[in-house]
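To start, the structure itself, in structure tokens.
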Amino acid sequence: MPKPRVIYWFRTDLRLHDSPALKAALDLKPEVLYPIWCWDSHYVYRSRVGVNRWQFLIDCMNDVSQSISKINKKSQLYVLREPAVTLLPKLFKAWEITHLVFEKDTDAYGRDRDATVIESAKEAGVEVIFRSGRTLWDSDEVAKANGGKPTMNIKQLQTAGEKVGEIEPPIETPKSFPDPGELKLDFDQTQPEPTPDMNEKYRQNDEGSYNGGISGPKNDFHPPTLEELGLKPATTPHRGGESVILERLNSILSDEQYTGTFEKPKTSPAAFEPQSTFLTSPYLHFGALSCRYFYHRVEEIVEKRRKAKKPVSEPPTSLHGQLLFRDMYFAAQAVLGWSFGQTYNNSHCRFIPWHLPSKVDVSTKLVTGDYEVDDEEKEKQFKRWAEGRTGFPWIDAIMRQLRQEGWIHHLARHSVACFLTRGGCYISWERGAEVFEELLIDHEAACNIGNWQWLSCTAFFAQFYRCYSPVAFGKKWDDNGDYIRKYVPELKDLPKKFIFEPHKAPIQDQKKAGVVVKGDGSQEKEGDVAMYPKPMLDFNEARDVCLQGMKQAYHVGLYGNSPKVLDGSWKQLFDDSGEGPTEGEQGGPGGMLSFEEADGTEEDGHHPATPQKSKGGAVPGSPKSTRGRKREHSQGTLDGAFTKSAKK
DNA sequence: TCGTTTGTTGCGCCG
DNA sequence: GCGGCGCAACAAACG
């Protein structure tokens, strides 16, 4: 029997410690082991990825590459510039691969991609091994233990988790690493279709990460640089990497009192330098930190304190409670798949007639990535929210910290999410989730989507009368407004009395502080004087309107997959004078006057009759129509529709 | 009854 | 007497 020739395919598991999948690869005792990363066009073009998350990803890749080299200087992380679905079949042949090993992915996109890869491995006679490693428990097993239903609260998750069994103890970091084999690249590079490019607006130059061939312009298999991606330098102070977080974790956990009595709701969203929590989330996202390793390290400390009869915190507010919520969202996503990320056709998301609803493609039942502007004023409010110029300093400080640093405290996320949706603007949570997707360095699809549904009271949470005030909530944590002074520097010299409501400051006070409160934020200066906008809405008034709207929507009681939502007839159930795009009886399912029509209704009527499982669109060679303004849906595109092929 | 993380008011207490 | 602070009660009302 010849010895195995193995590809270890790194994805969101950029670590060497506690990796069940990596252990499975090493247990094969391979003759050669290729640790690779496939440069995925879904991430490059079809997901919203801001520059700060790119930086963090590249940090994590470089770090794991160095760690591999430290164990075996002949090896490294080999970054190959082609999407996995086209690249892997070629590598199987060129490198005479016998086994492909990777960590299981439960994201809807990841599952579709992996299904395609597994299929091609089968055809090539390559054995595929994958292990769950991204969550405390295998999300599919949790879902099964929960009766095949999404876990919608923490109790369900805990009960299901207990049924699945003990959380696996951490696996040691490997001490040796097999050599890679010869890196033959005697095949053409298939270049992915660069349009639609969801990140076009952030690029200062053309995206060029596929231009230097499969091994990169220096032929060293290094990750692409931000310049190659056409992006400006990152602005975040947070840096990625397994070695960074493992070291920091030791210093976090050395404070046993902090670790053992941690209660999330008691940590301040306004704290900076240092923050009140320890930013493990981006490392968890890229897999630079194992959640099980983290869990067990915390549990060890809590157990020690329990035995010593010292006070300890308990889930859900404790540190391990935070990890349980993460698993809850993963398990819910594992059941609902693509529909988890949208309202339309989501069986567990309440339907609310939000402003700026997503456009949907009724043939696939998926959102297109575009949205309907039902009201120009709401579009303007959305832009002002996203850019941090609402005229509410607390909201603006949070949104500016998010844009600049890529991380904001959990309660800060609550505050701005409530404000955009049910507690202020009555704008679709899907718009907010997209902005977070772009800007967060810790963006985890399952958690981001879950939290937006939570805050908008469309799933997981329902007490919509509990509404965050953009003034009072911030004051509770930061009476002096230091957080605002840091992130909205044009207000830094305003007296404490007006820092949360600068429009109430008399002209003399504004003058003294060197700021004029005026306009809508589109102008930064008036002459030499800094400008800060007036509030874009009357909060008390807006909150009442939202509350009425929520009450009515709850009373109507529709969900994303209700027949009347699917066909657009929901409007008949809403009062025309209510908030949101409720007017008229005609319109698309997203709610508006127009919507994305199904493919092939005109000239070429050969679109599959049952497009629900969009498998057809996922396989190379069956490109979807991109005629006119029509876009492929934002979440669903595989790296399948290739038109461009270039020689290496 | 309770739910990880509301806002406001009013009371007692302290200086 | 009064302002500031911390805390408890309450408001509104979901599944």
Side-chain angles (χ1 to χ4, degrees), chain A residues 136 149-159 161 260-271 275-278 280-281 295 298 302 312-329 332 347-352 392 394-395 398 408-424 429 447 450-480 483 496-497 500-501 538-559:
Chain A
L136 299 175
K149 290 187 194 129
T151 43
M152 297 308 285
N153 60 54
I154 202 65
K155 262 222 169 83
Q156 283 178 9
L157 184 274
Q158 281 173 303
T159 309
T261 61
F262 181 94
E263 288 179 82
K264 188 60 163 277
K266 290 189 183 163
T267 59
S268 170
Q275 298 87 355
S276 60
T277 56
F278 282 89
T280 52
S281 51
Y295 186 95
V298 170
V302 168
V312 292
S313 55
E314 300 288 341
T317 53
S318 64
L319 264 181
H320 33 346
Q322 308 310 302
L323 293 172
L324 293 173
F325 276 111
R326 185 172 171 273
D327 259 49
M328 176 184 84
Y329 289 136
S347 55
H348 285 69
C349 181
R350 273 180 188 280
F351 175 82
I352 315 275
F392 293 92
W394 171 250
I395 300 294
I398 294 168
I408 49 178
H409 186 276
H410 191 60
L411 291 181
R413 300 181 196 202
H414 277 213
S415 207
V416 295
C418 180
F419 183 82
L420 182 73
T421 58
R422 68 178 165 87
W429 64 265
C447 301
N451 278 324
W452 273 95
Q453 291 178 5
W454 183 302
L455 264 300
S456 61
C457 288
T458 49
F460 302 102
F461 185 72
Q463 289 155 273
F464 55 75
Y465 42 90
R466 287 196 183 175
C467 182
Y468 290 83
S469 158
V471 175
F473 185 72
K475 272 189 186 163
K476 190 168 94 183
W477 294 102
D478 180 24
D479 189 38
N480 191 47
Y483 177 73
K496 175 179 166 179
K497 199 174 157 192
F500 282 86
E501 293 172 290
D538 180 320
F539 176 71
N540 288 327
E541 214 171 82
R543 187 195 47 207
D544 288 347
V545 169
C546 284
L547 219 60
Q548 285 309 310
M550 293 300 289
K551 231 193 266 183
Q552 194 194 359
Y554 263 69
H555 180 72
V556 171
L558 295 173
Y559 283 80

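Here is how names work: the chains are called A, B, and so on, in the same order as the sequence lines, proteins then strands, and each is numbered from 1. Please read these numbers as outputs of a predicted model, since none were measured by experiment.
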Next on the checklist: Applying a 4.0 Å non-hydrogen cut-off, can you work out what A:Lys155 is touching in the nucleic acid: base, sugar-phosphate, or nothing?
Outcome noted: nothing

Next on the checklist: Any base atoms under 4.0 Å from A:Trp477, or only sugar-phosphate, or nothing? Heavy atoms, all strands.
Outcome noted: nothing

Rounded distance in Å - [atom1] ([X]) to [atom2] ([N]):
X	N	atom1	atom2	result
A:Met550	C:dA13	CE	P	13 Å
A:His555	C:dG15	NE2	C1'	16 Å
A:Tyr468	B:dT8	OH	P	14 Å
A:Glu314	B:dT5	CD	P	17 Å
A:Leu455	B:dT4	CG	P	14 Å
A:Phe461	C:dC14	CZ	P	13 Å
A:Gln156	B:dC2	CD	C1'	15 Å
A:Gln463	C:dG15	CD	P	10 Å

Checklist entry - Judged by modelled atom types alone, do A:Thr277 and A:His409 share a side-chain donor-acceptor pair under 3.5 Å? => result no

When you measure from the side chain of [X], which nucleotide among [options] comes out closest?
X	options	result
A:Phe464	C:dG15, C:dC14, B:dT6	C:dC14
A:Gln322	B:dT6, B:dT4, B:dG3	B:dT4
A:Arg350	C:dC14, B:dG7, B:dT5	C:dC14
A:Lys264	C:dA13, B:dG7, B:dT5	B:dT5
A:Tyr465	C:dC14, B:dT4, B:dT6	C:dC14
A:Pro316	B:dG7, B:dT4, C:dA12	B:dT4
A:Ser469	B:dG7, B:dT5, C:dC14	B:dG7

Item to check | A:Phe460 and A:Phe325, any side-chain heavy atoms less than 4.5 Å apart | outcome: no

Next on the checklist: When you compare the ring of A:Phe325 with the six-membered ring of B:dT4's base, are the centres less than 5.5 Å apart and the planes under 30° from each other?
Outcome noted: yes

Next on the checklist: With a cut-off of less than 4.0 Å, is there a side-chain N or O of A:Lys476 near OP1 or OP2 of B:dT6?
Outcome noted: no

Checklist entry - When you check the phosphate oxygens OP1 and OP2 of B:dT5, does a side-chain N or O of A:Arg466 lie under 4.0 Å from one of them? => result yes

Could you report the tightest heavy-atom contact between [X] and [Y], atom names first, then the distance?
X	Y	result
A:Ile352	A:Thr458	CG1-CG2, 3.7 Å
A:Leu411	A:Pro265	CD1-O, 4.0 Å
A:Phe539	A:Cys467	CZ-SG, 4.2 Å

Checklist entry - A:Ala462 or A:Asp479: which one's nearest nucleotide on DNA chain C is closer to the 5' end? => result A:Asp479

Checklist entry - Given A:Ser415, which of A:Trp477, A:Tyr468, A:Trp394 fulfils the side-chain hydrogen bond (donor to acceptor under 3.5 Å, both in side chains) condition? => result A:Trp394

Next on the checklist: Give me the distance, rounded to whole Å, that separates C:dA12 from B:dG3 when you measure between the P atoms they each carry.
Outcome noted: 23 Å

Next on the checklist: With rounding to the closest Å, how many angstrom separate the P atoms on C:dC10 and B:dT4?
Outcome noted: 24 Å

Item to check | Donor-acceptor pair, side chain of A:Arg422 and main chain of A:Leu455, under 3.5 angstrom | outcome: yes

Next on the checklist: Treating A:Arg413 as the side-chain partner and A:Ile408 as the backbone partner, does any N or O pair qualify as donor plus acceptor under 3.5 Å?
Outcome noted: yes

Checklist outcome for this item: Output row for DNA chain B, stems defined as at least 3 consecutive Watson-Crick or G-U pairs under 3.5 Å, is B:6-15 with C:2-11

